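Below is one structure, written out as structure tokens; the observations come after it.
No hydrogens, no waters, no symmetry mates; every other heavy atom, side chains included, goes into these values. Bear in mind the structure is a predicted one, so any value in this text is a computation, not a measurement. Order of the sequence lines sets the chain letters (A, B, ...), proteins ahead of strands, with each chain counted from 1.
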Number of protein chains: 2
Amino acid sequence: MSKSIKELLRVHKLNKTPCRADMLGVLIETDRALSEQEIKEQLAYDYDRVTVFRTLRTFIDAGLVHHVTVNMHEVKYALSKRDSRQNGDNAHAHFHCETCGQVVCLGSFSPDEAVIPEHFSVKDYELIINGLCAKCNA
Amino acid sequence: MSKSIKELLRVHKLNKTPCRADMLGVLIETDRALSEQEIKEQLAYDYDRVTVFRTLRTFIDAGLVHHVTVNMHEVKYALSKRDSRQNGDNAHAHFHCETCGQVVCLGSFSPDEAVIPEHFSVKDYELIINGLCAKCNA
DNA sequence: TAATTTTTGCAACAATGCTGCAAAAGTAAC
DNA sequence: GTTACTTTTGCAGCATTGTTGCAAAAATTA
């Protein structure tokens with residue numbers, strides 16, 4: 001397990017540091033998206049809150065992690081399956097449980113194929129499309 | 001115009017107050033989603049920030065307004081076309097321009113029909129599905 | 001107009017996002 | 001391994017935002 005952490009960091013051209021390895025370990029061991037708070041609670045050591053904050057940003061910039069926002073303000077982070085900077089993996093579907101707050105990443109999707117896990121029920125969904133409007137596209 | 005503000009408030013069972021009428025006026029005159037800050041800047045008078053905050057929440061609770069979050073933390077508010085509490089209008093597609101930050105509401109959608117306005121280009125989209133997971137569904 | 005309910009403004013606090021800077025740790029070259 | 005250089009971390013600290021409680025003001029109802 002420790003080996004793949006090292007590998008992941010190396011592949012993404014990030015130096016290996018205790019905090020990064022620790023955080024990555026937490027994210028690897030979870031199949032769902034975690035809030036900053038949830039990640040902190042699972043870390044082996046207490047790092048400065050700014051460090052955790054910056055590390056998450058580093059991971060995102062490196063394409064190692066992606067984020068979702070549910071309920072207006074709850075930001076959750078999850079390991080990207082593949083390097084989202086390189087390939088066409090530019091769409092994400094996430095399932096958010098309104099009761100327990102759990103967010104699971106459903107991976108890539110096309111607007112015409114919604115993959116809902118069995119026994120999950122959909123109340124509503126929201127599509128956020130990022131791109132350029134007509135004015136900025138000119 | 002003032003008449004439709006009054007109407008909207010009445011239909012949603014909300015008392016008419018200067019702040020509400022003012023804010024509703026701003027939202028009606030815009031076809032896109034606005035941040036709390038943008039709304040404040042367009043108001044005729046300066047209301048307490050808590051009042052604006054609470055009024056937005058009141059509007060959302062009443063189904064008069066809905067919200068989108070882009071770029072992790074930017075929350076934007078837009079007038080709902082119909083009362084989203086009553087009918088099946090439980091899905092929203094929003095277009096977010098990464099350059100100017102503009103968010104336009106594309107209205108209701110099904111995952112298999114993505115309606116992108118002409119000359120808009122998509123970089124990526126995100127689908128947030130709210131509902132119940134298997135565990136909470138039991 | 002009076003009585004009752006609702007809304008607003010203010011004070012205040014917690015949590016979060018973020019920056020600059022110096023210390024510590026990591027990396028590379030010898 | 002030691003040295004020199006680069007990167008990361010921790011800390012102090014500030015701005016913004018989300019939120020609550022309460023009393024004053026406004027709106028609604030009778």
Side-chain angles (χ1 to χ4, degrees), chain A residues 2-3 5-27 33-41 43-77 101, chain B residues 2-3 5-27 33-41 43-62 64-77 101 103:
Chain A
S2 170
K3 194 179 171 186
I5 288 173
K6 201 172 181 177
E7 259 309 280
L8 267 173
L9 288 171
R10 199 186 56 72
V11 166
H12 289 269
K13 296 181 174 57
L14 298 174
N15 291 334
K16 194 196 178 209
T17 69
C19 179
R20 287 178 184 173
D22 203 348
M23 285 176 66
L24 208 43
V26 170
L27 289 168
L34 300 172
S35 67
E36 187 179 322
Q37 201 51 47
E38 288 170 325
I39 292 170
K40 277 179 187 165
E41 285 162 6
L43 288 172
Y45 296 94
D46 264 11
Y47 306 94
D48 190 89
R49 68 191 195 87
V50 183
T51 300
V52 175
F53 166 79
R54 280 191 282 221
T55 300
L56 282 170
R57 180 165 291 184
T58 300
F59 284 170
I60 289 171
D61 290 347
L64 194 54
V65 159
H66 66 272
H67 58 86
V68 218
T69 306
V70 293
N71 282 342
M72 246 168 167
H73 300 293
E74 288 172 47
V75 183
K76 309 252 183 176
Y77 304 86
Chain B
S2 169
K3 193 181 172 187
I5 287 173
K6 199 172 181 175
E7 259 310 281
L8 266 173
L9 287 171
R10 200 186 54 73
V11 166
H12 290 269
K13 296 182 173 59
L14 297 173
N15 291 335
K16 194 195 177 211
T17 69
C19 179
R20 287 178 183 174
D22 203 347
M23 286 178 64
L24 208 43
V26 170
L27 289 168
L34 300 172
S35 68
E36 187 178 322
Q37 202 50 49
E38 287 170 327
I39 292 170
K40 277 178 188 166
E41 284 162 8
L43 289 171
Y45 296 94
D46 265 10
Y47 306 93
D48 189 89
R49 71 191 193 87
V50 182
T51 300
V52 174
F53 165 80
R54 278 191 283 221
T55 301
L56 282 170
R57 180 155 291 186
T58 300
F59 284 171
I60 289 171
D61 290 347
L64 194 52
V65 159
H66 66 273
H67 58 87
V68 218
T69 305
V70 293
N71 282 341
M72 246 168 168
H73 300 293
E74 288 173 48
V75 183
K76 310 252 184 176
Y77 304 87
V103 173

What contact category does [X] fall into here, base, sugar-phosphate, or nothing, at under 4.0 angstrom with non-hydrogen atoms?
| X | answer |
| --- | --- |
| B:F53 | base |
| B:T51 | base |
| B:R20 | sugar-phosphate |
| A:T58 | nothing |

In whole angstrom, give the distance that lies between atom [atom1] of [X] and atom [atom2] of [N].
| X | N | atom1 | atom2 | answer |
| --- | --- | --- | --- | --- |
| B:K13 | D:dT28 | NZ | C1' | 16 Å |
| A:E74 | D:dG18 | CD | P | 13 Å |
| A:K6 | C:dG26 | NZ | C1' | 13 Å |
| B:E36 | D:dG18 | CD | P | 6 Å |
| B:L56 | C:dT8 | CG | P | 11 Å |
| B:Q37 | D:dT17 | CD | P | 6 Å |
| A:R10 | D:dT7 | CZ | P | 19 Å |
| B:Y47 | D:dA25 | OH | C1' | 14 Å |

Interatomic distance, [X] atom [atom1] to [Y] atom [atom2] [nearest 0.5 angstrom]:
| X | Y | atom1 | atom2 | result |
| --- | --- | --- | --- | --- |
| A:C19 | A:D48 | SG | CG | 9.5 Å |
| B:K76 | B:N71 | NZ | CG | 8.5 Å |
| B:L24 | B:E7 | CG | CD | 11.5 Å |

Within less than 4.0 Å of OP1 or OP2 of C:dT8, is there a side-chain N or O belonging to B:T17?
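Yes, such a contact exists.
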Can you tell me if the side-chain N/O atoms of B:T55 get under 4.0 Å from OP1 or OP2 in C:dT8?
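Checking B:T55 against C:dT8: at least one side-chain N or O falls below 4.0 Å of OP1 or OP2.
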Any donor-acceptor pair, under 3.5 Å, between the side chain of B:R49 and the base of D:dG18, if you only look at N and O atoms?
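By the distance-only test, yes, there is a pair.
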State whether the distance check finds a donor on one side and an acceptor on the other, under 3.5 Å, for side chain A:R54 versus base C:dG17.
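Donor-acceptor pair under 3.5 Å: no.
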Heavy-atom closest contact (A:Y77 atom, A:H67 atom, distance)
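What the structure gives for the nearest pair is CD2-CB, 4.0 Å.
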Which is more 5' along DNA chain C, the nucleotide nearest B:V52 or the one nearest A:N15? Just name the residue.
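It is B:V52, whose closest nucleotide lies nearer the 5' terminus.
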Residue of the set A:I5, A:T51, A:T58, A:L64 for which side chain to side chain contact (heavy atoms under 4.5 Å, CB included) holds with A:R20:
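Single pass found, and it is A:T58.
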Between B:H73 and B:P18, who's closer to the 5' end of DNA chain D by nearest nucleotide?
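Comparing both residues, the 5'-ward one is B:H73.
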